[in-house]
Amino acid sequence: MADKTVIGNTTFQSRAYGKRENKVINISGAVQFDLLHVLLRDYKLRSYTLNSVSYHFLKEQKEDVQHSIITDLQSGTDQTRRRLAVYCMKDAILPIRLLDKLMCIINYMEMARVTGVPLSYLLSRGQQIKVVSQLLRKTILQDLILPSQKIEVGDEYDGATVLDPVKGYYKLPIATLDFASLYPSIMMAHNLCYTSLLTKKAAAELEPTDYIITPCGHSFVKASIRKGLLPEILEHLLTARKKAKADLKKETDPFKKKVLDGRQLALKISANSVYGFTGAQVGKLPCLEISSSVTAFGRQMIDRTKQLVEDKYNIKNGYKYDAKVIYGDTDSVMVRFGADNVAESMDLGKEAAAFVSEHFVQPIKLEFEKVYFPYLLISKKRYAGLYYTKPETYDKMDCKGIETVRRDNAPLVARLINNCLQKLLIDRDPDGAIAYTKNIISDLLCNRIDIAELVITKELTKTEDDYSNKQAHSVLAEKMKKRDAGSAPKLGDRVPYVIVAGAKGAKAYEKAEDPIYVLENSIPIDTKHYLEHQLMNPLMRIFEPIIGEGKTSNVLFKGEHTLVKTLVTAKVGGLARFAKKMATCIGCRAVLPKGHENSSVCQHCKPRESELFQKEITSLHALEEKFNKLWTQCQRCQGSLHEDVLCTSSDCPIFYMRKKVQKDLLHQDGVIQRFGDFEW
DNA sequence: TAATGGTAGGGGAGGAAAGGTAAGACGTAT
DNA sequence: TACTGATACGTCTTACCATTCCTCCCCTAC
């Protein structure tokens with residue numbers, strides 16, 4: 001007998017995944033596997049609409065039909081109902097294709113098997129349940145019972161050390177040494193577990209050789225006396241991962257290769273979340289003695305590593321150069337050995353990794369991972385460089401923390417910075433980068449940048465009332481709710497917006513607007529805001545170390561390219577409401593005298609009227625051609641060349657272009673109309 | 001209600017507070 | 001000579017601004 005299916009509300013909240021409100025239904029005998037949740041958890045994207053995700057992974061789009069049109073389509077003709085059906089079918093087929101392509105089911109099944117939780121838990125619950133499940137698997141073998149602890153909120157504990165970076169642009173290879181699975185290996189090496197934790201009293205009764213005292217003053221009994229559960233779980237996970245990695249290397253079939261890769265990834269994630277579990281204060285079994293000891297060991301180790309490397313690799317000890325640790329974060333150190341070629345740096349890196357590993361308890365191991373050459377170190381957690389794993393060629397350009405990998409800026413910024421870095425790091429062509437940047441700035445100020453490139457998105461992490469400061473995306477979300485509650489962003493959604501021209505001194509949240517609304521109402525963009533608040537600082541940060549402090553600002557932001565601004569006037573709000581539009585001459589833009597408002601040109605330009613008419617006709621044709629191209633492209637996308645385009649996909653650059661050209665076309669048509677009585 | 005991995009850190013934006021300046025108010029001397 | 005009004009000038013208050021600092025918020029590194 002099947003249960004009655006009912007709809008319920010759930011909220012899920014965690015620091016990693018944010019807060020979301022969902023509807024749930026119970027279906028007996030079937031596992032519900034929501035692709036949206038998979039994507040939200042596993043991929044960091046600028047937008048999570050089916051359209052945008054499909055384009056991202058499958059390079060395929062679907063028609064986006066606004067909910068208000070659906071009723072019209074249904075109650076229309078056979079033809080419109082057919083379109084609705086196609087739309088619905090696409091809605092169903094795309095998720096399946098995505099599931100397939102991303103191998104979601106396979107990876108999630110692997111995870112479920114490794115951690116021992118039902119498949120549905122992986123999407124409806126957090127990380128903790130997986131660790132609890134593994135703990136229970138172990139405790140049952142040892143006849144232990146997991147206590148049901150009352151949750152009490154304690155203080156936060158100290159985390160990892162981030163070494164102060166020696167900022168700058170490095171033209172010498174920088175070797176990177178990493179501890180492999182740092183926190184799990186610390187827990188294994190020092191036998192840190194609930195079952196090995198000693199009270200002060202218990203420690204006093206033991207021989208000093210039987211237990212260790214961690215850097216933050218907690219005592220744990222050694223594995224020889226009693227081996228902890230957590231180290232056992234971790235061992236199991238990491239040996240399984242090693243095996244999966246070895247199998248992965250042997251495997252030739254690309255499909256099975258992906259499966260094994262998914263498996264080893266799942267194992268890595270599980271191992272890492274064991275530490276997080278002990279530090280999760282709002283959790284099943286928090287144990288800050290363990291988590292704070294783990295981080296304390298980590299802090300000690302990174303300082304030690306820095307010292308060991310710098311003390312050994314110097315001219316005094318017979319090496320060619322003095323090595324210098326220029327940066328390090330949690331489990332890694334970046335070393336400038338001084339060698340000027342990648343191969344030599346790699347050799348030194350490998351040697352140093354082996355040397356340092358000797359100084360730590362098994363299974364802690366420092367590994368040589370890669371060389372950056374050249375390397376641009378901007379600040380803590382922000383750097384870029386060419387990534388070498390073999391001496392011959394670089395594998396990729398690696399960017400950490402900077403605008404190219406962040407989702408909370410305009411795509412224009414990410415693209416510009418990325419291209420500049422390519423020119424600076426790969427081509428080593430600062431002049432080319434500067435010229436390119438100037439071009440883009442000029443394009444921006446002249447309104448030649450496509451609006452899709454200017455859309456900023458931010459996640460709505462709480463409801464309006466919970467925000468103590470006004471934020472652009474939350475204020476806009478509220479505004480959109482008033483316009484149309486159905487399509488407005490909800491809690492946990494990413495809100496797209498652009499900054500439009502507004503009164504002088506207006507706050508950003510007053511100038512944020514829905515991109516589609518902007519298009520439909522031809523609201524001008526505040527290009528200056530984009531230059532000053534989006535482009536300027538990131539550009540300064542990457543250019544300054546390379547072309548020199550002080551002069552960057554002059555080179556990039558002063559000069560002709562910033563003067564070609566076209567004046568834009570707002571059509572809504574501000575003073576614009578009181579301004580009266582005057583008819584101007586199409587030839588010279590002079591204001592037409594009273595009584596002549598309907599003419600096309602002024603007296604002065606009259607002789608050139610036919611020439612001007614030709615010019616306007618030409619640009620009309622150009623626009624028409626452009627529009628036709630975009631229209632056909634959209635028709636192709638919707639899969640029929642015989643029907644109107646209804647799509648309003650706010651993630652599609654073509655949609656924005658089509659809308660813009662449509663507006664331009666209308667305007668141009670108006671211009672032509674003014675020549676009305678022109679005689680040939 | 002039950003359930004929600006961790007800390008470190010950069011950087012943009014808003015908002016309060018402290019600081020600077022010009023205009024006006026007021027008093028005084030001539 | 002006494003009184004009054006006009007003017008100039010200095011000091012204080014006030015309103016308005018730009019700047020600084022702190023906090024919130026988002027996102028990322030590990």
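Residue numbers start from 1 in every chain, and the chains themselves are labelled A, B, ... in the order their sequence lines are given, proteins ahead of strands. Side chains included, hydrogens not; waters and symmetry mates left out as well; all remaining heavy atoms used.
Contact annotation: A/Arg382 side-chain N/O to B/dG11 OP1/OP2 distance is under 4.0 Å. Of the side-chain N and O atoms in A/Arg541, one or more sit less than 4.0 angstrom from OP1 or OP2 of B/dG11. A close approach under 4.0 Å does occur between a side-chain nitrogen or oxygen of A/Lys380 and OP1 or OP2 of B/dG9. In this model, the phosphate group of B/dT7 is not approached by any side-chain N or O of A/Thr295 to a distance below 4.0 Å at OP1 or OP2. The side chain of A/Asn272 contributes no N or O atom lying less than 4.0 Å from OP1 or OP2 of C/dC30.
Side-chain atoms of A/Asp331 lie closest to C/dC30 of the nucleotides C/dC30, B/dG11, B/dG5.
Between A/Gln471 atom CD and B/dG15 atom C1' the separation is 12 Å, expressed in whole Å.
One finds no salt bridge joining A/Lys481 and A/Glu464 here, because no Lys/Arg side-chain nitrogen approaches an Asp/Glu carboxylate oxygen to under 4.0 Å.
Using a 4.0 Å heavy-atom criterion, one finds that A/Gly159 contacts the sugar-phosphate atoms exclusively. Nucleic acid contact class of A/Thr461 (heavy atoms, under 4.0 Å, all strands): sugar-phosphate only. Residue contacts for A/Tyr17: at a heavy-atom cut-off of 4.0 Å it reaches no nucleic acid atom on any strand shown. A/Lys507 comes within 4.0 angstrom of the backbone, heavy atoms only, and of no base. Residue A/Lys130 is classed as having no contact, given no heavy-atom separation below 4.0 Å to the nucleic acid.
Taking a 4.0 Å limit (strictly below) on heavy-atom distances, residues 395-420 of chain A reaches DNA chain B at A/Arg406.
Taking the O4'-C1'-N9-C4 or O4'-C1'-N1-C2 dihedral as appropriate, C/dT1 has a value more than 90° from 0 and is therefore anti.
Stacking of A/Lys400 on the aromatic ring of A/Tyr383 is not recorded, the 6.0 Å distance cut-off and the 45° axial limit not both being met.
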